[in-house]
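These notes concern the structure reproduced below.
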Amino acid sequence: MTENAYARRDDGDNGSKGVGRMTGTVLVTGGTGKTGRRVVERLTALGVPVRSGSRTGGVPFDWQDDTGWEAALRGTEAAYVAYYPDLAVPGAAEAMAAFGRTAAACGVRRLVLLSGRGEPQAAVAEEALRGAAGRAEVTVVRSAFFAQNFSEGALLDGVIGGELVFPAGTAAEPFLDLDDLADVVVAALTGDGHAGAVYELTGPRSLTFEQAAEELGRATGRPVRYVPVTGPAYASLLEEFGVAEAETGFLAELFATLLDGHNAATTDDVKRVLGREPKDFSGFARAAARDGAWHG
């Protein structure tokens, strides 16, 4: 992702689709989050004007308060839409419809939506955004389980403590490196050929959580053990850590839906968009260990 976003490329020497179509200001919702931060960094490096929207940032944006959405969107050409906490939660479809209407009214031309792979309710929210966005181009990026959940998310403490307690059973998951996700999002925001596309992004191979724990152990140099639990048991653990009961129930149900084996297959969509293979989980683990993610 080194091409200037304002220089059009038609020479066909890059496998990625249309990187380089001119773009104006881009709003990145969740601009300080795991995915948004990476998207902001890449757009900035390309010289694209960026508004990093968040509840506490310079551009106020809160999914629970739509009164600030118009101000954040006004004057932008595109937006990265990362809904919190998840597109499958109750009310997400209504929020997507409202956001789409606001974006259309503000003249936004392109929307790239982060979604979950294999989430039926998320697909309902995707359609709500499409239906409300008017003439705006909508691209959907459905992601596999983030590899960085082990280094920046809810599973970080488990890796540091040597025990990954999670309700995944023996299901395999093609963990996706967020650097790949961010590169695809930026390609869709700045390049041609992505309007209406739905990309399902995965890593190059599927691992069980037990296998992932073993690879994390090799990367950290100390044992990491996977401890499978039931969904209700996991919800109880989350409550002990102060997570609201309504959210714990949703998360337990979500993981049961996602990690039943139907998402185990890999796709080639990262390569289709970027012209290169996705990053492997072992490479992620080595890089995260080298960067001090699990120093504790």
Side-chain angles (χ1 to χ4, degrees), residues 1-8 18-87 92 94-115 125-126 128-130 132-141 143 146 148 152 178-192 194-195 197 199 273:
M1 300 301 294
T2 58
E3 295 87 353
N4 188 300
Y6 293 92
R8 189 182 182 96
V19 174
R21 178 184 182 273
M22 184 179 71
T23 185
T25 300
V26 176
L27 170 67
V28 176
T29 67
T32 58
K34 286 195 292 291
T35 68
R37 170 172 55 83
R38 288 172 167 84
V39 172
V40 168
E41 290 171 353
R42 284 159 172 75
L43 291 172
T44 301
L46 289 172
V48 177
V50 182
R51 293 180 187 172
S52 178
S54 68
R55 286 178 293 180
T56 58
V59 178
F61 189 92
D62 186 345
W63 283 114
Q64 305 307 313
D65 182 7
D66 62 4
T67 61
W69 295 359
E70 182 176 352
L73 284 164
R74 184 68 64 186
T76 64
E77 183 171 335
Y80 171 53
V81 186
Y83 182 76
Y84 181 85
D86 190 274
L87 277 186
E94 291 78 6
M96 287 299 97
F99 184 84
R101 289 191 295 269
T102 303
C106 290
V108 177
R109 296 171 56 189
R110 182 171 293 183
L111 299 170
V112 178
L113 173 65
L114 176 64
S115 186
E126 295 168 12
L129 180 65
R130 289 192 195 94
R135 296 183 178 181
E137 300 174 358
V138 178
T139 304
V140 175
V141 176
S143 177
F146 299 162
Q148 277 76 6
E152 302 174 25
L178 287 185
D179 288 342
D180 289 336
L181 185 147
D183 285 346
V184 170
V185 167
V186 169
L189 285 168
T190 63
D192 289 329
H194 304 281
Y199 296 124
V273 177

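For reference, positions follow the sequence shown, starting with 1.
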| Partners meeting salt bridge (charged side-chain N to carboxylate O under 4.0 Å, His left out) with Asp179 (sequence neighbours left out) |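 For Asp179, the residues satisfying salt bridge (charged side-chain N to carboxylate O under 4.0 Å, His left out) (neighbours in sequence not counted) are Arg38, Arg42, Lys279.
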
| Residues two or more places apart in sequence or in another chain: which of them pass salt bridge (charged side-chain N to carboxylate O under 4.0 Å, His left out) with Arg55? | none

| Do Thr102 and Asp66 have side-chain heavy atoms sitting under 4.5 Å apart? |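 Contact flag for Thr102/Asp66 side chains = no.
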
| Looking at Arg110 and Glu137, does any basic side-chain N land under 4.0 Å from a carboxylate oxygen? |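 Yes.
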
| message | Holding to ring pair (Phe, Tyr, Trp, His ring centres under 6.0 Å), I want the full list of residues that pass it with Tyr84, two or more places apart in sequence or in another chain. | response | none

| Donor-acceptor pair between Glu126 and Ser115 side chains, under 3.5 angstrom |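 Checked: Glu126/Ser115 side chains pair up, N/O donor to acceptor below 3.5 Å.
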
| said: Between Glu77 (side chain only) and Gly24 (backbone N and O only), is there a donor and an acceptor less than 3.5 Å apart? | reply: yes

| Are the side chain of Thr76 and the backbone N or O of Thr25 linked by a donor-acceptor pair below 3.5 Å? |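 Absent.
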
| query | Sequence neighbours excluded, which residues qualify as side-chain hydrogen bond (donor to acceptor under 3.5 Å, both in side chains) partners of Glu41? | reply |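 Per chain and number, Glu41 pairs via side-chain hydrogen bond (donor to acceptor under 3.5 Å, both in side chains) with no residue.
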
| said: For Thr67, give me all partners under side-chain hydrogen bond (donor to acceptor under 3.5 Å, both in side chains), at least two apart in sequence or on another chain. | reply: Asp65

If you look at every heavy atom in [X] and [Y], which pair is closest and at what distance?
| X | Y | value |
| --- | --- | --- |
| Ala92 | Tyr83 | CB-CE2, 3.6 Å |
| Gly31 | Ser52 | CA-OG, 3.3 Å |
| Ala72 | Val59 | CB-CG1, 4.0 Å |
| Ala128 | Met96 | CB-CB, 4.3 Å |
| Ala188 | Thr139 | CB-CG2, 4.1 Å |
| Lys34 | Gln148 | CD-O, 4.4 Å |

Taking side chain to side chain contact (heavy atoms under 4.5 Å, CB included) as the definition, give me every residue that meets it alongside [X], ordered by chain and number, with sequence neighbours left out.
| X | answer |
| --- | --- |
| Ala82 | Thr29, Thr35, Tyr80, Leu114 |
| Ala104 | none |
| Ala98 | Trp69, Arg101 |

| message | Name the residue from Asp180, Val28, Val39 that meets the side-chain contact (heavy atoms from CB on, under 4.5 Å) definition with Val185. | response | Val39

| request: Apply side chain to side chain contact (heavy atoms under 4.5 Å, CB included) to the pair Phe99 and Leu129, showing each step before the final yes or no. | output: CA-CA 7 Å; Phe99 184 84; Leu129 180 65; 4.1 Å; yes

| request: I would like to know whether Leu113 and Leu87 meet side chain to side chain contact (heavy atoms under 4.5 Å, CB included); could you show each step before the answer? | output: CA-CA 10 Å; Leu113 173 65; Leu87 277 186; 3.9 Å; yes

| query | After noting the C-alpha distance and the side-chain angles of Arg130 and Leu111, does the key distance pass the side chain to side chain contact (heavy atoms under 4.5 Å, CB included) rule? | reply | CA-CA 9 Å; Arg130 289 192 195 94; Leu111 299 170; over 6 Å; no

| task | Apply side chain to side chain contact (heavy atoms under 4.5 Å, CB included) to the pair Leu189 and His194, showing each step before the final yes or no. | result | CA-CA 9 Å; Leu189 285 168; His194 304 281; over 6 Å; no

